[in-house]
Amino acid sequence: MQTNLTEFKQTEQTHQNVKLEEPIVINNEPKSIISNKFMYGQYFTKKAIVKRVIELLQKYKNYPININILEPSFGTGNFISVLKEKGFNRITGCEIDSSLTNNPTDFFDFPLDKKYDLIIGNPPFTKYNVVESYFYPNNYITSLISRESYLTKKLLKKEKEKIENIFILKSLQHLKDNNSSLAFVLPISFFIKNRNKEIKEKIFEKFSTIIIYQNDKVWFDYPIPCCFAIFTNTEEYKNKIIVTYENSEVHESIFDISKINEELIPEVVFNKKNGKTVQLKGNELENYISKKRVKCEKSFKENNVSAKNILERIKIPENSEIADYKLAVVRVGNSSVGKCGLINLNKDILNDMFYVFDFKESFVNNKEIKEKICEEINKNQDYFKQITCRVGSKSIKKEDVFNFKVEI
Ligand SMILES: C[S@@+](CC[C@H](N)C(=O)[O-])C[C@H]1O[C@@H](n2cnc3c(N)ncnc32)[C@H](O)[C@@H]1O
């Protein structure tokens, strides 16, 4: 059994004693725990979740128990324990943190001649505001494992990149053959439309079946929106993406692999298909509002308009210049996203929570249409809330506003 690298110190039981919270509230914790936790993205996957995702993995392909498996960042070892319970006996692992293993190994220093039938786990995720949580190519200039062997030319020139993406790229180089699979817990944002295109392209070179799984459970001690992605090759699902959302039942949608850069968030796909997302009728808003940028002053100090009072501005005051009124839609905030009003940029100052749109020329002087659009958006605020379930804090794209439909 190749478990010498996988000896982990803590069990799930003991790691639960370590509080996993945001840095602000853990000032009293020992410094080393705080920095390792955030620097190394230490969110350990609950054992019940590991069991479920391994069951899913085995549903789509048969993995004999004597295959070579790598867990590249095993943490408290939950993936390894479940795999062992299932009879797999050739498991190798890496873990960088010496408080979790007697044999700390940085996955980026792990020799590339080691090849596996299955690479599985939950790599660290970069937290956008924690500089230490990124991967810095320059940190590996002197590594015995050349950065060029797993980084793209573009990435070699970048100062930093999200670490989970580099875990994927390096893992691709550890695959034994065409029959090998890669299965990782990933942040749900990985599958937002047009994100991580370069990484998806590399995945594409090796795999033609992708399974993306999300459920309604919390996967770690801290709620981070994530999914389990299986990259593999199967005859039955060649060139297919299977998007699975599980609540009390399992809901599966199948897409052609050419849709890889579309939004493939299982919960959103499920909501759209099952009518939980408000079904809109009519014409898209892009027929009424302009795509030209509207210049406006924004200030968090001097603003008189915020998400709190925007609903007081749904009518254009009598005797005012109709053309001066633009559409302001709240773009962020769990309870406010999608609220809107009509604001006068000669008088009003907004904070940074809004997208501001002008109306198309044929509607700039049309009070009735402007007010009707505003009313329809506010009536359907739930629509914006539902299509934003992809990330922790709700935020919409301009495109979401242009695609909103109104019956006028
Ligand atoms: C999100 S946790 C997941 C741990 C485990 N796979 C699980 O599912 O519970 C990520 C783990 O990666 C480890 N890690 C971070 N950077 C690493 C690196 N460069 N090489 C190996 N392990 C690393 C962290 O210490 C942490 O234990």
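This structure is a prediction, so every number in the text was calculated from the model and none was measured. Both counts, for ligands and for their atoms, begin at 1 and track the order of listing.
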Consider side-chain contact (heavy atoms from CB on, under 4.5 Å). Of Val330, Asn304, Asn303, Val305, which one does Leu350 pass it with?
Val305
Residue-level breakdown please: for [X] versus ligand 1, do any non-hydrogen atoms fall below 4.0 Å on the side chain, on the backbone, on both, or on neither?
X      : answer
Trp219 : neither
Phe74  : backbone
Thr105 : backbone

Any N or O on [X] sitting closer than 3.5 Å to an N or O of ligand 1?
X     : value
Asn78 : no
Tyr43 : no
Gln42 : yes

Under a heavy-atom criterion of less than 4.0 Å, does Glu71 contact ligand 1?
yes
Qualifying residue, where the test is ring pair (Phe, Tyr, Trp, His ring centres under 6.0 Å) with Phe167 and the options are Phe125, Tyr40, Phe108, Phe135
Phe108
Going by the atom numbers of ligand 1, which of them fall below 4.0 Å from some non-hydrogen atom of Pro72?
21 (C), 22 (N)
Per-atom filter on ligand 1: closer than 4.0 angstrom to a heavy atom of Phe44 are 4 (C), 9 (O), 27 (O)
Phe384 ring center near Phe404 ring center (under 6.0 Å)
yes
For atom 2 (S) of ligand 1, state which one of Gly75, Pro124, Gly41 supplies the nearest heavy atom.
Gly41
Check Asp348 with Arg313, please: is the shortest side-chain N to carboxylate O separation under 4.0 Å?
yes
